[in-house]
*Asks:* 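This is the structure I have questions about; it appears just below.
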Protein chains: 2
Amino acid sequence: MALRHAVLAALLDNEYSGYQLAKAFDIGVANFWHALPQQLYAELSKLEKDGLVTGREVVQTGRPNKRVFTVTAPGLAELERFVAAEPRPTFIRDDLLVKVQAADRVGTAEVLRQLDARAASAAEKMAAYEDLLLTLRGEATEEDFLRDGAPVGPYLTCRRGLALERETRDWCVHTAAVLRARRPGGEVPRG
Amino acid sequence: MALRHAVLAALLDNEYSGYQLAKAFDIGVANFWHALPQQLYAELSKLEKDGLVTGREVVQTGRPNKRVFTVTAPGLAELERFVAAEPRPTFIRDDLLVKVQAADRVGTAEVLRQLDARAASAAEKMAAYEDLLLTLRGEATEEDFLRDGAPVGPYLTCRRGLALERETRDWCVHTAAVLRARRPGGEVPRG
DNA sequence: CATCCCATGTAACCTGTTACATGATTAC
DNA sequence: GTAATCATGTAACAGGTTACATGGGATG
């Protein structure tokens, strides 16, 4: 019962279909919750069965119809309970960090390539988050929006995502530079 | 097959028992991989059965004996394969962020308390990581250690953890300040 | 005397991932 | 025509979590 609350929170500011929710979990929600589309479809079904969200058919032309979901009063109450509960420990799993941890004992050429790639993708995500922040606050300055604007929750979590990606990019760039300086050319010693 | 490589990487710089490994996964490895003690005991058994680590009984006085584990040549080869493979998408799950996402629609008093608590625990972890960095580099300056020191992998991942915790602390402090300014006193509107 | 730390697991359950399945429309 | 996007799932399997179990020694 954990994905459940992430989905409820994501549905607060918007109606979403499963497909749209999957997009939101790809960029935006991805800062703090990772989930696959299949999980989201399954979770939306369960949430609807439990009465925490309601679905509404949206007829579309030129593309398949879809069902969009909204949080119900019991759903909001469930979120309220979740918020009051002790948070679980934060959960990080990152392959690339495992590889850097092992950098002294394995070939670093691949690690360097992956660090470069990650730095580039972090830079892309930063740009995406900056766009999203602009969209969320509209005409307002950041200062004004943070004082009065709504919804502020998604804005604050997006800022977090931006800071995280900046940190990731900087760390990758720095780490790659350190490893390259230690082993000029990034070659793998053999034998 | 994912925890496996985190365990192998953690065992590279040291022999560890299951219990010690659990401690390492609590601070240090926690920056990039989350796992429970039960998982570690189970994984060590599997790794030993598969010949990727070897166990060695250490007789102790005044406390129970323990089995410490070392990575074998096949274990190192397995890590080498893992390093060459494409990394999986990074995995984050954070209850507190879900709660902030919902901040416009639920009571913020509890969220504020949890943000304060998280800021404090991030500050504690920063101190722990700073200590660990000092221990890892010994007498050397950071610059020298990054050029020649060993093992540099754990040092680099620890730096990442430090940066992450700093970012977490700053974001929590900032976010709490924003929410408090919007709703003076942090009270929950009812009705 | 109680509590914490060391030390290691098992068993039942829940959650998440991988692979597969379908089908229409739009953009190149 | 080929690929991408929209749209929604199922089924089998792998992985992770919760609860439980045990027992000695050190610390206050």
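Every chain is numbered from 1, with letters handed out A, B, ... down the list of sequences. These values consider heavy atoms only, across backbone and side chains, with no hydrogens, waters or symmetry-generated copies.
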*Asks:* On DNA chain D, nearest-nucleotide positions of A:A42 versus A:K66: which is more 5'?
*Replies:* A:K66
*Asks:* Measure from CG on B:N65 to C1' on C:dC6 and round the result to the nearest Å.
*Replies:* 11 Å
*Asks:* Which residue, B:F69 or A:P64, contacts DNA chain C at a nucleotide closer to its 5' end, judged by nearest heavy atom?
*Replies:* B:F69
*Asks:* Between A:K66 and A:Y19, is the side-chain contact (heavy atoms from CB on, under 4.5 Å) condition met? List the steps.
*Replies:* CA-CA 9 Å; A:K66 63 182 176 185; A:Y19 188 85; over 6 Å; no
*Asks:* Just the rounded figure in Å: distance from P of D:dG16 to CG of A:L3.
*Replies:* 17 Å
*Asks:* Using atom CD of B:E43 as one end and atom C1' of D:dT17 as the other, report the distance to the nearest whole Å.
*Replies:* 15 Å
*Asks:* Which of these, A:T168, A:D94, A:D95, sits in a side chain to side chain donor-acceptor pair (under 3.5 Å) with A:R118?
*Replies:* A:D94
*Asks:* Considering every strand and a 4.0 Å limit on heavy-atom distances, what is the contact class for B:R93: base, sugar-phosphate, or nothing?
*Replies:* sugar-phosphate
*Asks:* Once you round to the nearest 0.5 Å, how far does CE of B:M126 lie from CG of B:D131?
*Replies:* 12.0 Å
*Asks:* Using the closest heavy atom to pick a nucleotide of DNA chain D for each, name whichever of A:R88 or B:R88 lands nearer the 5' end.
*Replies:* B:R88
*Asks:* Using whole Å, what does the distance between atom C1' of nucleotide D:dA7 and atom CD of A:Q60 come to?
*Replies:* 9 Å
*Asks:* Take the C1' atoms of the five end pairs on each side of the helix from C:dC1-D:dG28 to C:dC28-D:dG1, get both axes, and report the angle to 10 degrees.
*Replies:* 50°
*Asks:* Could you pick out which residue, A:A2 or A:R63, lies toward the 5' side of DNA chain C when each is mapped onto its nearest nucleotide?
*Replies:* A:A2
*Asks:* What's the shortest heavy-atom distance between B:K99 and A:A85, and which atoms?
*Replies:* NZ-O, 2.8 Å
*Asks:* Under 6.0 Å from the CD atom of B:E86, do we count more than 12 heavy atoms belonging to anything else shown?
*Replies:* yes
*Asks:* Heavy atom of residues 15-40 of chain A under 4.0 Å from DNA chain C: which residues?
*Replies:* A:H34, A:L36, A:Q38, A:Q39
*Asks:* Stepwise, does the side-chain contact (heavy atoms from CB on, under 4.5 Å) test hold for A:K46 with A:L52?
*Replies:* CA-CA 9 Å; A:K46 274 195 260 171; A:L52 305 184; over 6 Å; no
*Asks:* For the pair made of OH in B:Y41 and C1' in C:dT10, what is the distance, rounded to whole Å?
*Replies:* 13 Å
*Asks:* Is the closest basic N to carboxylate O distance between A:D144 and A:R147 below 4.0 Å?
*Replies:* yes
*Asks:* Find the distance between CG (A:L146) and OG1 (A:T141) and round it off to the nearest 0.5 Å.
*Replies:* 8.5 Å
*Asks:* Determine, using the 4.5 Å side-chain heavy-atom cutoff (strictly less than), whether A:V178 and A:V100 are members of one ILVMFWY cluster.
*Replies:* yes
*Asks:* Over how many whole Å does the gap from B:E57 atom CD to C:dC6 atom P extend?
*Replies:* 18 Å
